[in-house]
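Just below is one structure, and these are the notes that go with it.
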Amino acid sequence: MTTRRPLDIQVKRIYDPAAPDDGSRVLIDRLWPRGVSKDRAGLDAWDKELAPSNELRRWYGHDPDQYDEFAERYRQELADPERAAELDRLRALARAGRLTLLTATKDLPHGHVRVLTDVLTSG
């Protein structure tokens, strides 16, 4: 029986400086963050397809009172079979070494990357 290596995932804001121990750096926002050049971002990938849909993002509006409903709706979006390959790719990166998920969101505890991390680690 093969034992799977645990996932090594951290979350940072895209505005934080890159660190040598970040591993693979993947932006998980649908929109490019303001004031960040692509060179400065130091990304390995920009996976905007795993970000919440525009409709869900607009509905939520980062209102912490709606976070639980937002998280449930976002989980439903992530359950779409077309996103499975992308989720598997991120899991593989996190098993191979550290995966740093990046977002411009200020309120990380109420952000979509928290939900995405939960989905990645539970799948």
Side-chain angles (χ1 to χ4, degrees):
M1 183 169 161
T2 313
T3 347
R4 285 193 155 184
R5 185 174 174 183
L7 301 183
D8 184 2
I9 300 173
Q10 74 174 350
V11 175
K12 290 175 82 172
R13 293 193 71 226
I14 186 76
Y15 302 104
D16 296 336
D21 65 344
D22 279 351
S24 297
R25 293 171 48 88
V26 179
L27 178 63
I28 307 291
D29 284 352
R30 190 157 296 273
L31 304 173
W32 186 261
R34 291 181 185 172
V36 177
S37 71
K38 293 193 179 187
D39 287 336
R40 186 177 143 237
L43 297 179
D44 293 295
W46 177 18
D47 207 339
K48 55 186 158 187
E49 295 307 314
L50 285 179
S53 66
N54 285 326
E55 297 77 20
L56 181 57
R57 190 174 52 78
R58 287 185 193 115
W59 171 85
Y60 177 43
H62 297 285
D63 178 354
D65 292 336
Q66 297 189 62
Y67 179 76
D68 291 339
E69 177 68 20
F70 163 77
E72 182 56 36
R73 290 183 186 190
Y74 183 38
R75 278 187 181 88
Q76 289 173 5
E77 287 187 356
L78 290 172
D80 178 33
E82 292 180 10
R83 295 183 178 195
E86 285 304 307
L87 290 169
D88 288 343
R89 188 180 68 78
L90 289 182
R91 282 187 192 101
L93 286 173
R95 280 193 186 95
R98 169 144 310 150
L99 170 63
T100 300
L101 299 177
L102 299 162
T103 181
T105 303
K106 291 179 186 173
D107 185 2
L108 292 177
H110 295 104
H112 68 283
V113 178
R114 176 179 159 202
V115 177
L116 178 59
T117 302
D118 288 345
V119 168
L120 287 170
T121 56
S122 67

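Being a predicted model, the structure only gives us computed values, none of them experimental.
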Evaluate the side-chain proximity of [Y] to [X]: yes if any heavy-atom separation is below 4.5 Å, no if none is.
X: Tyr60; Y: Tyr67; result: yes
X: His62; Y: Thr105; result: yes
X: Leu101; Y: Leu116; result: yes
X: Thr103; Y: Ile28; result: no
X: Pro64; Y: Asp107; result: yes
X: Glu77; Y: Pro52; result: yes
X: Asp22; Y: Gln10; result: yes
X: Leu120; Y: Leu87; result: yes

Atom [atom1] of [X] and atom [atom2] of [Y]: how far apart are they, to the nearest 0.5 Å?
X: Leu102; Y: Asp47; atom1: CG; atom2: CG; result: 12.0 Å
X: Ser24; Y: Asp44; atom1: OG; atom2: CG; result: 5.0 Å
X: Asp88; Y: Arg83; atom1: CG; atom2: CZ; result: 14.0 Å
X: Ile14; Y: Thr100; atom1: CD1; atom2: OG1; result: 10.5 Å

### Task
Would you check if the side chain of Arg25 reaches a backbone N or O of Ala41 as a donor-acceptor pair within less than 3.5 Å?
yes
### Query
Has the side chain of Arg95 got a donor or acceptor atom that lies under 3.5 Å from a matching backbone atom of Leu7?
no
Note: [X]-[Y] ion pair, threshold 4.0 Å (strictly below):
X: Asp16; Y: Arg13; result: no
X: Glu69; Y: Arg73; result: yes
X: Arg89; Y: Glu86; result: yes
X: Arg98; Y: Asp21; result: yes

### Message
Taking Leu99 as the starting point, is it possible to reach Leu108 by hopping between hydrophobic residues whose side chains are less than 4.5 Å apart?
### Response
yes
### Message
In this structure, would Val11 and Leu78 fall into the same cluster of hydrophobic residues linked by side-chain contacts under 4.5 Å?
### Response
yes
### Task
Please lay out, stage by stage, how Phe70 and His112 fare under the test side-chain contact (heavy atoms from CB on, under 4.5 Å).
CA-CA 8 Å; Phe70 163 77; His112 68 283; 3.7 Å; yes
### Task
Show the numbers, then the answer: is there a salt bridge (Lys or Arg N to Asp or Glu O under 4.0 Å) between Asp118 and Arg75?
CA-CA 9 Å; Asp118 288 345; Arg75 278 187 181 88; 3.7 Å; yes
### Task
For Pro33 and Leu27, work out which heavy atoms get closest and say how close.
CD-CD2, 3.8 Å
### Query
Which atom names give the shortest non-hydrogen contact between Leu31 and Trp46, and what distance separates them?
C-CZ2, 4.0 Å
### Message
For a side-chain contact (heavy atoms from CB on, under 4.5 Å) check, start with the C-alpha distance between Lys38 and Leu43, then their side-chain angles and the critical distance, and finish with the verdict.
### Response
CA-CA 8 Å; Lys38 293 193 179 187; Leu43 297 179; over 6 Å; no
### Message
My understanding is that only one of Val26, Val119, Ile9 makes a side-chain contact (heavy atoms from CB on, under 4.5 Å) with Leu90; could you say which?
### Response
Val26
### Query
Asp63 and His110: side-chain donor and acceptor closer than 3.5 Å?
no
### Message
Check for me whether Lys48 meets the cation-pi criterion with Trp32, that is, NZ or CZ under 6.0 Å from the six-membered ring centre and within 45 degrees of the ring axis.
### Response
no
